[in-house]
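Everything below concerns the one structure shown next.
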Amino acid sequence: MFDWMADTYGLFTGWLFEEAVQPAMYALGLMDWAEEAFHWLDFFVFGLLGIGVVYLVCRPLEAWRPVERWEDGSAVWTDVVYTLLARLGILPLLAFVLFAAVQVRIEGLIADSGWVPPTLESTFPTLREYPLLALLIYIVILDFGEYWRHRFQHTFGWWWALHSVHHAQKQMTFWTDDRNHVIDDVIAAAWFGVIAVAIGVPPGQFPIILLVLRLGESLSHANVRLDFGRVGERLLVSPRFHRLHHGLLSAGATGKNYAVLLPVWDWIFGTADFDRGRYPSTGDPTAPESLASGGWLRQQVDGTKRLLRALRGRDA
Ligand SMILES: [Zn+2]
Ligand SMILES: [Zn+2]
């Protein structure tokens, strides 16, 4: 199943590259960069695909039963900018440059030592026969990692200074998912990448896992009055569940509902709030106004200042 999806995707990007990118690069005399351009296109198309899927699922829901309506929705556009930069621009580039370099080094070291690191599938070979089950296990493990990363974002002062960019949004929509400080994005990518490599996620399944997690994450930020029912609320993070995390009362260090996809982690570690009646307004009352209503660059600069203050031990 996954092979079929990967093949179709490969055919499409290959076609796009040959028909559109290559001729343009040839005309501009940039053919030396062909390989880099192909990797870039790969990221770009994958980013577009992710945004498309999320939009098709979340936008109708927000139109159906919004929690809030705004006269001036300009703050939402800032989150659209975040999404485009994160999915199509800055982040893929950083991830590609950083991880390609690190990966080559680590692979070299491991190859030299002759040691083959164990993975989930080499420890439990039967998993190879059940790719769907393996995929689910990878998602559960990675989601567990995301739960703890998110808790730490609220625990350490310097990390909260970065994460407060995410929480400052008073007009929360499904676009808000990507509203993060760039440094926070890099940490998140490294955190996720290290766990994925450690458990041996096959490269072919990695994009599918990313799509599933991102769809869940975007949906949980959607401006929609929606919970998944008494049982469903305990199985999957809903817009209601994550809104409570963003609620004014929970801003800061004493939050609830940290889970990204599976609320079971909040339940196990005692941070769950399943009160289905509340849809609080969102925002971080301790953040300067610029973090809420400033443009992308303003928020990055002020987030960095907040980080520096926190690192110097002053109040974030
Ligand atoms: Zn948070
Ligand atoms: Zn959030």
Side-chain angles (χ1 to χ4, degrees), residues 50 54 57-58 61-62 67-68 75-76 78-83 86-87 91 142-185 187-189 191-192 210 212-228 233 236-263 265-266 269-273 278-287 291-292 299 303 306-307 310 316:
V54 163
V57 173
C58 296
L61 286 172
E62 291 195 338
V67 179
E68 300 173 303
V76 174
T78 309
D79 288 359
V80 176
V81 173
Y82 270 100
T83 300
R87 305 270 168 111
L91 198 60
L142 286 162
D143 187 59
F144 176 72
E146 289 297 277
Y147 170 83
W148 280 105
R149 182 174 65 81
H150 191 192
R151 269 195 79 166
F152 292 150
Q153 285 180 311
H154 286 259
T155 308
F156 302 111
W158 65 269
W159 213 343
W160 166 249
L162 295 173
H163 187 48
S164 68
V165 172
H166 179 74
H167 276 272
Q169 178 60 285
K170 297 174 197 165
Q171 301 185 349
M172 193 170 83
T173 64
F174 69 92
W175 299 105
T176 306
D177 172 29
D178 284 310
R179 179 194 179 85
N180 295 300
H181 196 282
V182 191
I183 299 173
D184 213 3
D185 272 337
I187 300 172
W191 182 281
F192 196 81
L210 270 187
V212 170
L213 281 173
R214 279 177 175 173
L215 178 59
E217 246 176 291
S218 298
L219 177 64
S220 74
H221 288 94
N223 173 28
V224 56
R225 218 167 260 282
L226 178 67
D227 74 56
F228 296 155
E233 280 293 287
L236 212 59
V237 169
S238 70
R240 197 275 326 161
F241 187 89
H242 193 63
R243 176 168 280 269
L244 224 59
H245 174 72
H246 274 262
L248 280 176
L249 290 174
S250 63
T254 53
K256 291 275 181 194
N257 299 8
Y258 293 98
V260 168
L261 196 67
L262 308 168
W265 310 125
D266 281 301
F269 298 109
T271 48
D273 185 340
R278 284 192 295 140
Y279 288 88
S281 25
T282 65
D284 172 13
T286 69
L291 281 194
Q299 293 181 6
R306 219 178 173 192
L307 168 69

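Read the numbers this way: they start at 1 and go in the same order the structure lists the ligands and their atoms.
One N or O on the side chain of S238 and one on the backbone of F241 form a donor-acceptor pair closer than 3.5 Å.
Put simply, H166 stays out of reach of the Zn ion (ligand 1), with no N, O or S atom under 2.8 Å from it. Here H246 fails the criterion, with no N, O or S atom under 2.8 Å of the Zn ion (ligand 1).
Ion pairing of K256 with D266 is absent here, as no side-chain N (NZ or NE/NH1/NH2) approaches a carboxylate O to less than 4.0 Å.
Shortest distance from the Zn ion (ligand 1) to H167 is reached at NE2 (N/O/S atoms only).
For the pair NE2 of H221 and NE2 of H242, the angle whose vertex sits at the Zn ion (ligand 2) is 90° to 10 degrees. Angle NE2(H245) to the Zn ion (ligand 1) to NE2(H154), rounded to 10°: 90°. Note: angle at the Zn ion (ligand 1), from NE2 of H163 to NE2 of H150, is 100° (rounded to 10 degrees).
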Apply the test side-chain contact (heavy atoms from CB on, under 4.5 Å) to residues V237 and N257: give CA-CA distance (whole Å), side-chain angles for both, the deciding distance (0.1 Å), then the verdict. CA-CA 9 Å; V237 169; N257 299 8; over 6 Å; no
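Cation-pi geometry between R240 and Y279 is not met at under 6.0 angstrom from the ring centre and within 45 degrees of the axis.
Of the candidates N223, V76, V54, W175 forms a side chain to side chain contact (heavy atoms under 4.5 Å, CB included) with just one, namely V76.
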